[in-house]
Number of protein chains: 2
Amino acid sequence: MADHDDKAQRAIALLEQAGLRATAQRVLLVSLLYGDGAHRHVTAEQLYEEAVMARGKVSLATVYNTMRALSKAGLLRQVNADAGRIYFDTNTGDHQHIYDESTGTLTDIDAAILKDITLPPLPRGTRLEGVDLIVRVRS
Amino acid sequence: MADHDDKAQRAIALLEQAGLRATAQRVLLVSLLYGDGAHRHVTAEQLYEEAVMARGKVSLATVYNTMRALSKAGLLRQVNADAGRIYFDTNTGDHQHIYDESTGTLTDIDAAILKDITLPPLPRGTRLEGVDLIVRVRS
DNA sequence: ATACCTGCAAAGTCTTTGCAATCAA
DNA sequence: TTGATTGCAAAGACTTTGCAGGTAT
């Protein structure tokens, strides 16, 4: 129980820091996302399944809404590895990904991999939003 | 007319080389894609619009089917720049992209940009499929 | 009290597919 | 001929949204 409370406390802290109300659904979702320390890559559907397993009372729509809100708040990063499927990454720091197209698994790559590249001039009137590298593999 | 026949001839050649029957619809689509020499980045919907403009008799389903077939045949490359929207690139050579999230425009980057990076070890039991770099910008 | 949040169902976007009619080889 | 292709409509996969009822502050 202490363990659970701990995760819930951290979840609440994260939500408040993001300016979001700490509802039961959000606390559960954020606990699942950040609960065990390791960074995670999940789709809304996957997180929804986990929430249901954990006997959580939450709808898929709320999972989508919450993940969108967390992304906007900067607590999650969206990863476009696969057209037609949004992955959310709890690691919002600078880094890149390996994507296994057979299993749908994402793996982090250290940001240093791009340390030595020189970006080309950007199109006139545009500003840089980010640089995403996806190493696609198959099992 | 000679111009049009020229493009049609090239389109037919490409289709045969890909092992696909040269139907009127495919010849039109391939002519639009490869007709003027420059490489293109288009979605199925965009190509469909162009075909309709050109008074072509083709359905959106056929555009999707054809682009899928061309991709499988190696004549097109899919670009995952935006979750929920597949771009097709007539340039199947090694290169990368700049993606303007405001306008949905893709611009090529020379492959040399990644010449000096060293990929991390791939997960056990996986083989490399490709490396995609997307420089995201906004207007 | 009140602005925010949830959940359901409906709508939306993009893509694929079943199947009868049609066409290329 | 005969298998490949087309087109329509329907189905699918994923995501967003309208709105009535519920909740955090």
Describe, as an angle rounded to 10 degrees, how the axis at the first end of the helix from C/dA1-D/dT25 to C/dA25-D/dT1 is tilted relative to the axis at the last end, five pairs per end. 30°
B/Ala73: which residues meet the side chain to side chain contact (heavy atoms under 4.5 Å, CB included) condition with it, sequence neighbours left out? B/Ala18, B/Leu75
Begin with the C-alpha distance, continue with both residues' side-chain angles, and end with the deciding distance and a verdict on side chain to side chain donor-acceptor pair (under 3.5 Å) for B/His97 and B/His95. CA-CA 7 Å; B/His97 295 99; B/His95 69 286; 3.1 Å; yes
Does anything in residues 55-90 of chain A form a ring pair (Phe, Tyr, Trp, His ring centres under 6.0 Å)? List the pairs, not counting sequence neighbours. A/Tyr87-A/Tyr99
Please give, in whole Å, the distance from C/dT15 P to B/Lys72 NZ? 17 Å
Euclidean distance, atom NZ of residue B/Lys57 to atom P of D/dC8 [Å, nearest integer]: 9 Å
For each nucleotide in nucleotides 10-25 of chain D, reading 5' to 3', give B when a protein heavy atom comes within less than 4.0 Å of its base, S when such contact involves only the sugar-phosphate, and - otherwise. ----SBBB-----BB-
Taking only side-chain nitrogens and oxygens of B/Arg26, does any of them come within less than 4.0 Å of OP1 or OP2 of C/dA24? no
Give the table of side-chain donor-acceptor pairs shorter than 3.5 Å for residues 42-55 of chain B, with sequence neighbours excluded, one pair per line with atom names and distance.
unit_1, atom_1, unit_2, atom_2, d
B/Thr43, OG1, B/Gln46, N, 3.1
B/Gln46, OE1, B/Thr43, N, 3.0
B/Glu50, OE1, B/Arg40, NH1, 2.9
B/Glu50, OE2, B/Arg40, NH1, 3.3
B/Glu50, OE2, B/Arg40, NH2, 2.6

Which residues pass the side chain to side chain contact (heavy atoms under 4.5 Å, CB included) test with A/Asp100, not counting sequence neighbours? A/Ser102, A/Thr103, A/Thr105, A/Val137, A/Ser139, B/Thr126
Validation: residues 19-28 of chain A side-chain donor-acceptor distances under 3.5 Å, sequence neighbours left out:
unit_1, atom_1, unit_2, atom_2, d
A/Thr23, OG1, A/Arg26, N, 3.3
A/Arg26, NH1, A/Arg21, O, 3.2

Please report the distance, rounded to the nearest Å, between CE in A/Met67 and P in C/dC5. 17 Å
N/O (side chain, A/Gln25) to phosphate O (OP1/OP2, C/dG7) under 4.0 Å: yes
Taking only residues two or more places apart in sequence, or in another chain, which ones meet A/Asp110 in a side chain to side chain contact (heavy atoms under 4.5 Å, CB included)? A/Ala112
My understanding is that only residues two or more places apart in sequence, or in another chain, count here; which of them pass side chain to side chain donor-acceptor pair (under 3.5 Å) with A/Arg136? A/Glu101, B/Asp132
When the distance from OH of B/Tyr48 to P of C/dT16 is rounded to whole Å, what number comes out? 17 Å
